[in-house]
Structure formats: C-alpha cells, structure tokens
*Asks:* 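Have a look at the structure that comes next, please.
Here, residue 1 is the first one in the sequence, and each next residue gets the next number.
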Amino acid sequence: MSPLPRCASLLSLIILAPGVLAAIEALRQEDTLPTAAAFALDDACHAGNENSETGSCDLSLRQLRSVLAVDSQQLDGPTKNVTLTGTLGAALPLGHPSASKVYPKYPGFSLFLVEEFDAPLNLDGDPIWTWSDGGLKEGQVRFVKEQIKFQDGKMKIEVRKNHGSQQSCSNAQSEDVPHKPLVSGEIRTRFNMFRYGRYEVRMKAPMVQPHNPNVDGNFVSTMFVFRDASFKHWREIDVEVTGRAPGAISTNILTADYQAKWKPSMQETDYPISYQHMNVRAEFHDYAFEWLPGVIRWYVDGKVVREKRNDRLEVPDKSAKIMMNLWIYHDAKPFVPFGGKHLDNDRFPMQCEYDWFRFYKWDGDHHYPPADMSSKSLTEDDMYLTSNNPCDGIPQIGEVLKNGQKLKPCKATCR
C-alpha cells in the first residue's frame, strides 16, 4: 500500500474507534497529558508519512501508538488487524491487561482499568498513574518514587531507612513535610477522576522480620481512594492491612471538610476479628470494595466482610484518586495506636507486594471517569490542589486552608 492511502486507512480506523478522537485532541493540548503531548509535538515522522504538500507529518508511528497502544508488528501488517487495547480513550480495559487472562465479570459493572505489573510502569510518563512525594503527619515515612519497584511480575513497595534528603515541600501534601526517618512509596492516579465502581487488588503484606510471618510489628499496607490534600474535601475509602496480627485487616471510611488534621469524628473503622484463620503476610489475598451511591461493601477473597450505608458518616459522592502505599506509624511510645503495637519489632527493609489491580466502573455513573480520560472534563473542584509531585506537570491550583487562614501551597522543583 502506498504511504498516503495507508495513512488515510489508519486515520479512518481511528475515526471509527469510539472515544479516540478525544484522545487525539488531548495529544494536541499541552496542558492535558504532558508526556503524550510531547509525543505529538516532538516525535519524528514515521517513514512514508511525510506530507509533501505541507512539509509536515500526517501521522507518526509513536503518535499512533500513544492512542491505540499497538505494537510495531500490528502496524506493519494490514490495518484491519490493528486492535485497540486500552490507552487514552481506546477500547477497554485501559492500563496493561494480559491478553491471556479471562477477567471476572460483575453485573452492573464494566472492567475499566487493569494493571498486571508484568512490566515496569513509567511513573513519570504513564497517562494514568504517577507517584506521590507526600508524607503522613502521623507516619515515619516520606514517599519517594524510587521505593516503588516492579520486579518478578509484581509491584513492590519498600520501606527502608532514609539515608538521603528530600525537598521539604511536598506537592502531594501541598505543604512542607519535616524530615522522616524512613522512605517508602505511594502509587496514585494522576487526577480525581474515579468514583463509583468495584476496586480490587491482590496483595501480600510485609513480613515485619525476614522469613517469619508470625512476628507482629507496625505497618499499614493499603489500597484506597482519596480526595484532596485534606484541606477541602477529605474523602477516603480504605482497605488497610496492618502489622498488629497475622490476619489484621481493617476497612475504613473518612469524611470531612476543611480539616487539616485527622479527628476521630471523621472516621468509621472496622477492626474485625474473623480473619485469624489467615496470614496476610505469608500469602497473597484478594481485597476489594464496591463503592456505590449510599453504600460501600468490602470483600476479602470474594466474601463480603462489611457493608456501610449513610448513617453517622455519609458515603462519599465526590471523585477521588486511586492509591496504594506502605507506611509506618510514628514512634509514640509507650502506645502506638494504629498499625500495630509492637513497633520495636520492625526490621527494614520491609516490603509489600501487589500482584494486580483492577477497577470496574459502575454502569450507572455517567460522569466519572470522563469518557476522554482528560483533565479538561473535570470540574474546578476536582482540580483543587491536585498535583502529586513536582514532576507530574499538573498545576497546583487552590489555597491551603489552615486555622481559618488561606495560604499559598509550597512549591517544589522537579529534579
């Protein structure tokens, strides 16, 4: 096929694919997805697609990949064999699903995002995921990108001693964070664009001490959704596996407005005792929650373990980011209130492992995630203080509200 007809055929395929035009438009916008935009603006023209009339490139291979997520072998063959496999508005699921897996189906939900962690994610260039530079006030860890590792078909988040130095300013926290004795990692989606649906993860919690899953210590290993940097709309739904016992799993919801610090009144946590037959440090287990209007249901290994409806705290109705992290509570001797009492047993490095993550969108939510997966579809409130780290290219819009004062967020620099 000659270059121009081939290019026209490819463009025709793109036009027929639902949602991909929005992705192409997103590639042209400098303020949407910086890495994808760079592909469109800076990539050299694919051989044979030069436009002699305009002196420009009609279509580059790299541009097409960023929209269709196809490989070079598919593009070199007949265009009818090109398949849409999940990036920037293409066919679902997004992310990095496995072609060899048959994924479970749930009535009323559609599989939207899958991460198998079979290959490393580029957390500075992925259109969906990035890293956090935060550090919990009540924790001993500062989150850094380097502590999120991809090995052996798993994502591994590791806590170790902090022998380096970090910028005091945290984009994720929107304020300065004091030096922490430990470093760990937190992976998160770039924007507040996820809401009602089913969130699933298969993970194994850390061993407090090597080769002995029965030693209790202190850690919090998580999969959760979270909105804002706590200052405006603090919304959170958690699965938290902790170091207090071999089968310690807690489910949690937090709801508050204009609260810079945690208070007991903003939280409802369930500490069940029915998991003593499990050792969450020795084996992988499946954890999930279904978040729907007015109700949340948590699951462990496919069984419902808790249901929460609107009562003292209402079920969140605002969009959020998906997050996974590992952290250690602060040393508050003689009593450590969360994550496990035996903090002195902790040995580092300590590592949790994630086998896969899946998000099933609820079919009744017509707003989140946006159809074009673009930040332009989000509201001003969705974008409030939404930067995750100084390298994500997301402007930090909004003010920090503390003690009745409006303060400018701190500014970190990308290194």
Side-chain angles (χ1 to χ4, degrees), residues 33 86-88 92-97 103 106 109-117 121-123 126-134 136 143 145 148 150 155 157 171-172 184-203 220-230 233-241 251-254 286-292 296-299 315-327 352 354-362 365 367-370 373-375 377-378 382-389 392 394:
L33 295 173
T87 299
L88 299 179
L92 299 178
L94 304 183
H96 300 84
Y103 294 100
Y106 304 96
F109 299 89
S110 297
L111 185 60
F112 190 91
L113 173 63
V114 174
E115 295 300 343
E116 291 291 345
F117 305 126
L121 297 181
N122 177 2
L123 296 179
D126 192 89
I128 296 176
W129 299 97
T130 189
W131 53 280
S132 165
D133 70 345
L136 288 81
F143 295 132
K145 180 178 65 174
I148 306 170
F150 299 93
M155 179 178 70
I157 299 181
N171 279 42
S184 186
E186 177 178 86
I187 186 173
R188 48 165 62 185
T189 54
R190 292 168 55 84
F191 297 106
N192 292 313
M193 60 168 53
F194 293 86
R195 192 169 59 171
Y196 302 133
R198 182 181 174 97
Y199 299 75
E200 299 183 335
V201 71
R202 182 168 178 82
M203 60 181 275
V220 186
S221 184
T222 70
M223 185 272 290
F224 63 112
V225 294
F226 179 79
R227 182 182 177 96
D228 289 351
S230 308
H233 303 301
W234 191 334
R235 303 291 188 272
E236 189 172 344
I237 303 171
D238 303 317
V239 171
E240 296 171 318
V241 181
T251 59
N252 194 27
I253 176 174
L254 292 94
D286 298 347
Y287 307 95
F289 58 84
E290 289 179 355
W291 174 18
L292 297 170
I296 308 167
R297 297 182 184 90
W298 285 265
Y299 297 78
V315 170
D317 62 358
K318 295 183 180 295
S319 62
K321 298 179 182 181
I322 304 168
M323 303 187 184
M324 289 167 269
N325 66 24
L326 173 64
W327 58 282
C352 64
Y354 295 80
D355 190 12
W356 48 255
F357 170 83
R358 301 168 189 162
F359 167 68
Y360 292 77
K361 178 180 177 178
W362 178 51
D365 195 336
H367 299 285
Y368 299 101
M373 289 297 286
S374 165
S375 63
S377 301
L378 301 179
D382 291 332
M383 295 296 294
Y384 168 80
L385 295 179
T386 197
S387 181
N388 309 280
N389 62 71
D392 64 7
I394 300 172

*Asks:* Who are the side-chain contact (heavy atoms from CB on, under 4.5 Å) partners of Thr251, not counting sequence neighbours?
*Replies:*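 Scan of Thr251 (side-chain contact (heavy atoms from CB on, under 4.5 Å), adjacent residues dropped) gives Asp270, Trp298, Arg306.
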
*Asks:* Rounded to the nearest 0.5 Å, what separation is found between the CZ atom of Phe357 and the OH atom of Tyr199?
*Replies:*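 So the CZ of Phe357 and the OH of Tyr199 are separated by 7.5 Å.
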
*Asks:* Restricting to non-hydrogen atoms, name the atom on Asn192 and the atom on Tyr368 that form the minimum distance, rounded to 0.1 Å.
*Replies:*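 Smallest interatomic distance, heavy atoms only, reads O-CE2, 4.2 Å.
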
*Asks:* Listed by chain and number, what are the ring pair (Phe, Tyr, Trp, His ring centres under 6.0 Å) partners of Phe194, not counting sequence neighbours?
*Replies:*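 By the ring pair (Phe, Tyr, Trp, His ring centres under 6.0 Å) rule, Phe194 matches Phe359.
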
*Asks:* Is there a donor-acceptor pair closer than 3.5 Å between any side-chain N or O of Lys321 and the backbone N or O of Thr386?
*Replies:*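 Yes, Lys321 side chain to Thr386 backbone: donor-acceptor pair under 3.5 Å.
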
*Asks:* Could I get the full list of salt bridge (charged side-chain N to carboxylate O under 4.0 Å, His left out) partners for Asp317, not counting sequence neighbours?
*Replies:*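 Asp317 satisfies salt bridge (charged side-chain N to carboxylate O under 4.0 Å, His left out) with no other residue.
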
*Asks:* Using every non-hydrogen atom in the two residues, find where Ser319 and Arg195 come nearest and quote the distance to one decimal.
*Replies:*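 Residues Ser319 and Arg195, closest heavy atoms: N-CD, 4.1 Å.
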
*Asks:* What are the two closest non-hydrogen atoms of Tyr360 and Arg358, and how far apart are they?
*Replies:*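 That would be CE1-CB, 4.1 Å.
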
*Asks:* Just jot down the ring pair (Phe, Tyr, Trp, His ring centres under 6.0 Å) partners of Tyr196, sequence neighbours excluded, or say none.
*Replies:*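 Counting only residues at least two positions away or on another chain, Tyr196 forms a ring pair (Phe, Tyr, Trp, His ring centres under 6.0 Å) with Trp291, Trp362.
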
*Asks:* Has Thr189 got a side-chain atom pairing as donor or acceptor with Ile322's backbone, closer than 3.5 angstrom?
*Replies:*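 Yes, because the side chain of Thr189 sits within donor-acceptor range (under 3.5 Å) of the backbone of Ile322.
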
*Asks:* Excluding sequence neighbours, so at least two apart, what forms salt bridge (charged side-chain N to carboxylate O under 4.0 Å, His left out) with Glu116?
*Replies:*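 Scan of Glu116 (salt bridge (charged side-chain N to carboxylate O under 4.0 Å, His left out), adjacent residues dropped) gives Lys101.
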
*Asks:* Where do Trp327 and Ser184 land on the side-chain contact (heavy atoms from CB on, under 4.5 Å) test, with the steps shown first?
*Replies:* CA-CA 7 Å; Trp327 58 282; Ser184 186; 5.6 Å; no

*Asks:* Do Val239 and Val201 have side-chain heavy atoms sitting under 4.5 Å apart?
*Replies:*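 Result no, sub-4.5 Å side-chain heavy-atom pair not found.
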
*Asks:* Short question: side chain of Ser132, backbone of Phe143 - any donor-acceptor pair under 3.5 Å?
*Replies:*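 Looks like no, no N/O pair under 3.5 Å.
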
*Asks:* Does some side-chain heavy atom of Phe226 sit less than 4.5 Å from a side-chain heavy atom of Leu254?
*Replies:*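 Not in contact.
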
*Asks:* Short question: side chain of Asn388, backbone of Trp131 - any donor-acceptor pair under 3.5 Å?
*Replies:*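 Looks like no, no N/O pair under 3.5 Å.
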
*Asks:* Who are the side-chain hydrogen bond (donor to acceptor under 3.5 Å, both in side chains) partners of Thr130, not counting sequence neighbours?
*Replies:*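 In terms of side-chain hydrogen bond (donor to acceptor under 3.5 Å, both in side chains), with neighbours along the sequence ignored, Thr130 is linked to Asn389.
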
*Asks:* Can you see which heavy atom on Pro127 is nearest to which on Arg190, and at what distance?
*Replies:*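 Nearest pair, atom of Pro127 first, then Arg190: O-CD, 3.2 Å.
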
*Asks:* Quick one: pull up NE2 in His233 and CG in Leu385 and give me the separation to the nearest 0.5 Å.
*Replies:*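 CG of Leu385 is found 11.0 Å from NE2 of His233.
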
*Asks:* Whether Arg227 and Asp382 form a salt bridge (side-chain N of Lys/Arg under 4.0 Å from carboxylate O of Asp/Glu) is what I want to check.
*Replies:*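 Counted as a salt bridge, because a side-chain N and a carboxylate O are separated by less than 4.0 Å.
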
*Asks:* Hey, mind stepping through Leu378 and Met193 against side-chain contact (heavy atoms from CB on, under 4.5 Å) and telling me if it holds?
*Replies:* CA-CA 7 Å; Leu378 301 179; Met193 60 168 53; 3.9 Å; yes

*Asks:* Return the CZ to CG distance between Phe109 and Asp365, rounded to the nearest 0.5 Å.
*Replies:*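 If I round to the nearest 0.5 Å, the distance is 11.0 Å.
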
*Asks:* Start with the C-alpha distance between Glu236 and Phe224, add both sets of side-chain angles, then the distance that settles side-chain contact (heavy atoms from CB on, under 4.5 Å), and finish with yes or no.
*Replies:* CA-CA 7 Å; Glu236 189 172 344; Phe224 63 112; 4.0 Å; yes

*Asks:* Tell me every residue that passes side-chain hydrogen bond (donor to acceptor under 3.5 Å, both in side chains) with Ser377, counting only those two or more places apart in sequence or in another chain.
*Replies:*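 With sequence neighbours excluded, Ser377 shows a side-chain hydrogen bond (donor to acceptor under 3.5 Å, both in side chains) to Asp372, given in chain and number order.
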
*Asks:* Excluding sequence neighbours, so at least two apart, what forms salt bridge (charged side-chain N to carboxylate O under 4.0 Å, His left out) with Asp238?
*Replies:*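 By the salt bridge (charged side-chain N to carboxylate O under 4.0 Å, His left out) rule, Asp238 matches no residue at all.
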
*Asks:* What heavy-atom pair brings Ala172 and Arg188 nearest, and what distance separates the two atoms?
*Replies:*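 Closest pair (atom of Ala172, atom of Arg188, distance): CB-NH1, 3.8 Å.
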
*Asks:* Do Leu326 and Ser221 have side chains that approach each other closer than 4.5 Å (heavy atoms only, starting at C-beta)?
*Replies:*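 Yes; the side chains approach each other to less than 4.5 Å.
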
*Asks:* Going by side-chain hydrogen bond (donor to acceptor under 3.5 Å, both in side chains), name the residues that satisfy it together with Arg198, two or more places apart in sequence or in a different chain.
*Replies:*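 Only Glu200, Glu290 meet the side-chain hydrogen bond (donor to acceptor under 3.5 Å, both in side chains) criterion with Arg198.
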
*Asks:* Using 0.5 Å steps for rounding, measure from the CZ atom of Phe117 to the CE atom of Met155.
*Replies:*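 The distance works out to 4.0 Å.
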
*Asks:* Report the residues that fulfil salt bridge (charged side-chain N to carboxylate O under 4.0 Å, His left out) with Arg202, sequence neighbours left out, ordered by chain and then residue number.
*Replies:*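 In terms of salt bridge (charged side-chain N to carboxylate O under 4.0 Å, His left out), with neighbours along the sequence ignored, Arg202 is linked to Asp286, Asp355.
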
*Asks:* Go through Arg297 and Leu292 one step at a time and tell me if the side-chain contact (heavy atoms from CB on, under 4.5 Å) criterion holds.
*Replies:* CA-CA 9 Å; Arg297 297 182 184 90; Leu292 297 170; 3.9 Å; yes

*Asks:* Asn325: which residues meet the side-chain hydrogen bond (donor to acceptor under 3.5 Å, both in side chains) condition with it, sequence neighbours left out?
*Replies:*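 Per chain and number, Asn325 pairs via side-chain hydrogen bond (donor to acceptor under 3.5 Å, both in side chains) with Glu186, Thr222.
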
*Asks:* Distance check, rounded to the nearest 0.5 Å: Met324 atom CE versus Cys352 atom SG?
*Replies:*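 If I round to the nearest 0.5 Å, the distance is 10.0 Å.
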
*Asks:* Using the ring pair (Phe, Tyr, Trp, His ring centres under 6.0 Å) criterion, which residues pair with Tyr103? Sequence neighbours excluded.
*Replies:*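 Once residues adjacent in sequence are excluded, Tyr103 has no partner under the ring pair (Phe, Tyr, Trp, His ring centres under 6.0 Å) criterion.
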
*Asks:* Shortest non-hydrogen contact from Asp133 to Asn171?
*Replies:*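 Reported closest heavy-atom pair: OD2-N, 2.9 Å.
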
*Asks:* Hey, could you give me the CG/CG distance between Leu94 and Leu111, rounded to the nearest 0.5 Å?
*Replies:*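 Going from the CG atom of Leu94 to the CG atom of Leu111 covers 9.0 Å.
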
